[in-house]
Number of protein chains: 2
Amino acid sequence: MSTIQDVARLAGVSPTTAKRALRDPDKLTAETLARVQAAIEELHYEPDVRAGSLRGGQSRTVGLVVASIVEPFFAQFARAAARHLKAADYTLIVSENEYSAHLELPELRRLYGQRVAAIMLRPGYGEESREYLERLRDRGLFILEFDYAPDGSDFPSVVLDHAGCMREAVAYLHGLGHTRIAALGTYDPEVHPEDRSRTFPQAMRDRGLNVPPEYGRVVLLTEDTAYDLTHELLALPTPPTALIALTGTQAIGAFRAIRERGLCLPGDLSLLTFDNYPWTALVDPPITVIEQPVEAMAEAAAHAVLRALEGGFDASSTTTPQHAVFPGRLIVRGSCAPPRVPSLALTL
Amino acid sequence: MSTIQDVARLAGVSPTTAKRALRDPDKLTAETLARVQAAIEELHYEPDVRAGSLRGGQSRTVGLVVASIVEPFFAQFARAAARHLKAADYTLIVSENEYSAHLELPELRRLYGQRVAAIMLRPGYGEESREYLERLRDRGLFILEFDYAPDGSDFPSVVLDHAGCMREAVAYLHGLGHTRIAALGTYDPEVHPEDRSRTFPQAMRDRGLNVPPEYGRVVLLTEDTAYDLTHELLALPTPPTALIALTGTQAIGAFRAIRERGLCLPGDLSLLTFDNYPWTALVDPPITVIEQPVEAMAEAAAHAVLRALEGGFDASSTTTPQHAVFPGRLIVRGSCAPPRVPSLALTL
DNA sequence: ATGATGAATGGTCTCGTGTCCATTACTTAA
DNA sequence: TTAAGTAATGGACACGAGACCATTCATCAT
């Protein structure tokens with residue numbers, strides 16, 4: 001555990017000089033530089049970033065709070081963001097909130113304990129951590145929200161065009177002839193204030209369609225709830241003819257339930273999901289999906305963080321909007337088709 | 001950005017007393033305690049863990065190096081390990097090496113720069129980082145390898161019983177009548193010293209089978225290489241009748257290639273893969289897999305770390321072996337069946 | 001009344017690095 | 001020769017918390 005002091009002693013110079021060999025080597029005589037470098041080599045000295053950052057107040061560290069690292073969307077986001085931040089010599093610390101502001105609060109505390117310079121956050125549902133986030137901002141942390149930006153939040157954000165994607169999904173299904181469409185999750189300001197389910201009813205209205213109240217179910221974005229919900233919806237007297245899964249993980253649960261009920265895609269039912277995960281192209285039929293530009297979103301988020309942290313002059317507002325919205329892409333595969341004729345559907 | 005000093009000043013006590021309100025409140029008068037707590041509350045004071053750990057040399061931080069965070073096995077491992085470490089108030093810092101010791105070295109450097117107390121490592125292939133790891137151990141870091149332990153490595157490890165699983169896989173396929181079995185990757189001491197492909201030939205020999213040299217291909221554990229390799233193997237004059245994918249990600253590539261060639265599972269070909277990912281049960285036919293006890297392995301790894309870090313008395317050697325090996329579990333689904341009779345197989 | 005005991009609190013130093021300013025030696029122009 | 005300037009180097013301090021020892025004060029037994 002050698003320090004710069006040890007290096008200095010070995011090289012016969014002062015600690016200040018020794019450190020300059022690392023930070024601005026031009027300032028040193030070639031001879032001195034060589035001596036210090038030899039000492040660094042011999043002791044295998046490597047700076048302790050904690051000590052260095054203690055002074056400035058912030059460490060070269062960025063926190064990333066995702067809902068679930070097991071969800072490939074977030075894993076990809078984490079990977080891409082880490083790559084960009086790493087290039088600027090920042091270290092990413094990842095933690096999970098499981099879509100809950102309640103579980104998020106201790107995670108934020110931990111990150112602040114490490115004095116991260118910024119936090120990239122997929123906000124959990126709830127208000128518990130709102131005040132704390134604002135306090136962090138007041139203390140100079142750059143806070144960025146991604147994937148979901150709560151109503152009224154004024155943090156910069158990077159999100160998918162959820163409303164646009166939902167419109168496109170509904171338009172596509174309606175175009176095929178579907179009118180009884182259900183989303184796997186219903187908006188609820190308290191429990192499930194999620195953007196895709198929030199914008200779904202409006203997307204339906206835009207096409208002159210309405211969502212039967214019995215299709216409404218407030219659920220979290222997990223495989224199991226999607227599984228249960230799909231079973232419930234399909235057991236209804238007038239079941240939907242098309243299902244929209246809000247995440248790739250939900251799609252797994254929905255797919256399982258559909259299989260179990262002995263229904264055929266797309267003959268008996270159409271299924272469309274967000275997230276273009278590899279497996280969606282592998283099942284039979286391959287599933288029609290809305291792909292998110294994950295890499296691009298992560299890059300935008302990382303760059304926003306770097307701009308805020310590095311660039312002193314606030315070019316932020318001119319170069320990139322505070323709230324970046326990315327378009328999704330509908331990839332038509334085989335899981336959607338025109339619905340059965342009404343009379344037949346009723347006999348289900 | 002308030003410090004313990006600020007708290008002390010506001011409460012009218014010394015910094016030492018103020019801190020005691022957090023660390024051992026019993027030592028304080030009720031009145032003093034209340035005053036300090038009020039000050040902490042008012043200033044929203046939260047300790048800076050960097051400063052605290054500067055003294056002790058190590059931070060309450062553990063590094064985790066995985067091959068790829070997008071691979072669900074590693075994501076699950078990271079999640080479970082983080083949960084256990086969090087309970088003991090450690091923070092996990094995750095980074096990736098993409099199966100390469102070359103890319104791993106800078107990651108280890110970064111982790112050491114943060115003065116992590118321990119590192120849980122899925123070693124990348126190659127020798128580049130070996131020396132560095134040993135130096136880290138000499139400096140007091142606890143190093144643990146998981147998923148793969150290089151030949152001759154004497155770090156504690158937590159791995160799957162790769163050899164046993166391979167034996168079970170081969171035995172199962174052989175029991176169905178297969179003799180021409182290929183693994184999606186061939187052992188190579190330099191490029192691909194991976195345990196599953198390494199133990200595959202021995203598993204074959206144990207059953208009196210041999211691996212034709214033309215089945216040999218040194219590849220990395222990615223979807224694309226598995227895809228290419230599957231195509232190559234199936235284009236052979238005498239193609240294998242059963243394929244073993246070494247990871248869930250490989251299985252995706254293999255499945256794609258099999259589909260593209262218009263082959264039917266399990267009629268034309270049997271497929272078996274490591275990793276029980278959700279999608280493997282969803283495709284048609286559902287894929288027979290070998291499941292890893294990910295949670296248990298992550299827990300074992302995390303506890304080994306905690307024992308090394310916390311427990312001063314070295315109960316480590318008695319309670320748990322230095323090298324923990326976990327059994328896999330064969331889950332038979334629908335992707336394996338007896339092979340076509342030889343005459344038919346030759347006409348492919 | 002005195003000394004011992006122990007609880008409550010404070011002072012000081014340390015960790016490893018970065019920043020700022022001081023010092024030295026050496027060069028250049030007047 | 002001297003003043004000014006510059007390149008190379010060193011010293012002191014700050015950052016925020018923990019560890020350790022010192023101090024104060026009240027209590028109690030002798």
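Throughout, protein chains are lettered first and strands after them, A, B, ... in sequence-line order, and every chain is numbered starting at 1. Just the heavy atoms: all of them, side chains too, but no hydrogens, waters or symmetry mates, feed the values below. All values derive from a computational prediction rather than experimental measurement.
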> Along DNA chain C, 5' to 3', what are the outermost nucleotides having an atom less than 4.0 Å from a heavy atom of chain A?
Replying inline: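 Using the under 4.0 Å cut-off, the span is dG16(C) to dT19(C).
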> Taking the nucleotide of DNA chain D with the closest heavy atom to each, which residue, Q5(B) or S14(A), is nearer the 5' end?
Replying inline: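 In this pair, the answer is S14(A).
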>> On DNA chain D, compare the nucleotides closest to D26(A) and P15(A); which residue's is nearer the 5' end?
In response: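 Looking at the nearest nucleotide for each, D26(A) comes out on the 5' side.
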To the nearest angstrom, how far is [X] atom [atom1] from [N] atom [atom2]?
X	N	atom1	atom2	value
I40(B)	dA17(D)	CD1	P	11 Å
D48(B)	dG18(D)	CG	P	10 Å
E31(A)	dT9(D)	CD	C1'	13 Å
L54(B)	dA14(D)	CG	P	17 Å
R20(B)	dA17(D)	CZ	C1'	13 Å
L28(B)	dT24(D)	CG	C1'	16 Å
K19(A)	dA8(D)	NZ	C1'	14 Å
R50(B)	dG18(D)	CZ	C1'	16 Å

> Distance check: side-chain N/O of T17(A) vs OP1/OP2 of dG10(D), anything under 4.0 Å?
Replying inline: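 It does, given that an N or O in the side chain of T17(A) lies less than 4.0 Å from OP1 or OP2 of dG10(D).
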>> Can you see if the side chain of T32(A) gets near the phosphate of dT9(D) - specifically, an N or O under 4.0 Å from OP1 or OP2?
In response: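 True: T32(A) side-chain N/O within range (under 4.0 Å) of dT9(D) OP1/OP2.
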>> Would R109(B) pass as a cation-pi partner of Y132(B), given that its NZ or CZ must be under 6.0 Å from the six-membered ring centre and within 45 degrees of the axis?
In response: yes
>> Can you confirm if the NZ or CZ of R122(A) lies within 45° of the ring axis of F146(A) and under 6.0 Å from the centre of its six-membered ring?
In response: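 Not satisfied by the 6.0 Å and 45° rule.
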> Toward the 5' end of DNA chain C, which comes first, R115(B) or L33(B), by nearest nucleotide?
Replying inline: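 This one resolves to L33(B).
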Select base, sugar-phosphate, or nothing to describe what [X] touches, counting heavy atoms under 4.0 Å on all strands.
X	answer
T16(B)	base
V49(B)	nothing
T29(A)	sugar-phosphate

> Is D6(B) salt-bridged to R9(B), cutoff N-O under 4.0 Å?
Replying inline: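 Salt bridge between D6(B) and R9(B), a charged N being under 4.0 Å from a carboxylate O: yes.
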> Does the pair D26(A)/R20(A) count as a salt bridge with the N-to-O cut at 4.0 Å?
Replying inline: no
>> With a 3.5 Å distance limit and no angle check, can you tell me whether E96(B) reaches the backbone of I69(B) through a side-chain donor-acceptor pair?
In response: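 Yes.
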> Short question: side chain of E107(B), backbone of S95(B) - any donor-acceptor pair under 3.5 Å?
Replying inline: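 No; zero donor-acceptor contacts below 3.5 Å.
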>> Assess the residue pair M120(A) and L85(A) against the criterion (side chain to side chain contact (heavy atoms under 4.5 Å, CB included)); give the C-alpha distance rounded to whole Å, side-chain angles, the decisive distance to 0.1 Å, and a yes or no.
In response: CA-CA 12 Å; M120(A) 300 161 59; L85(A) 291 174; 4.2 Å; yes
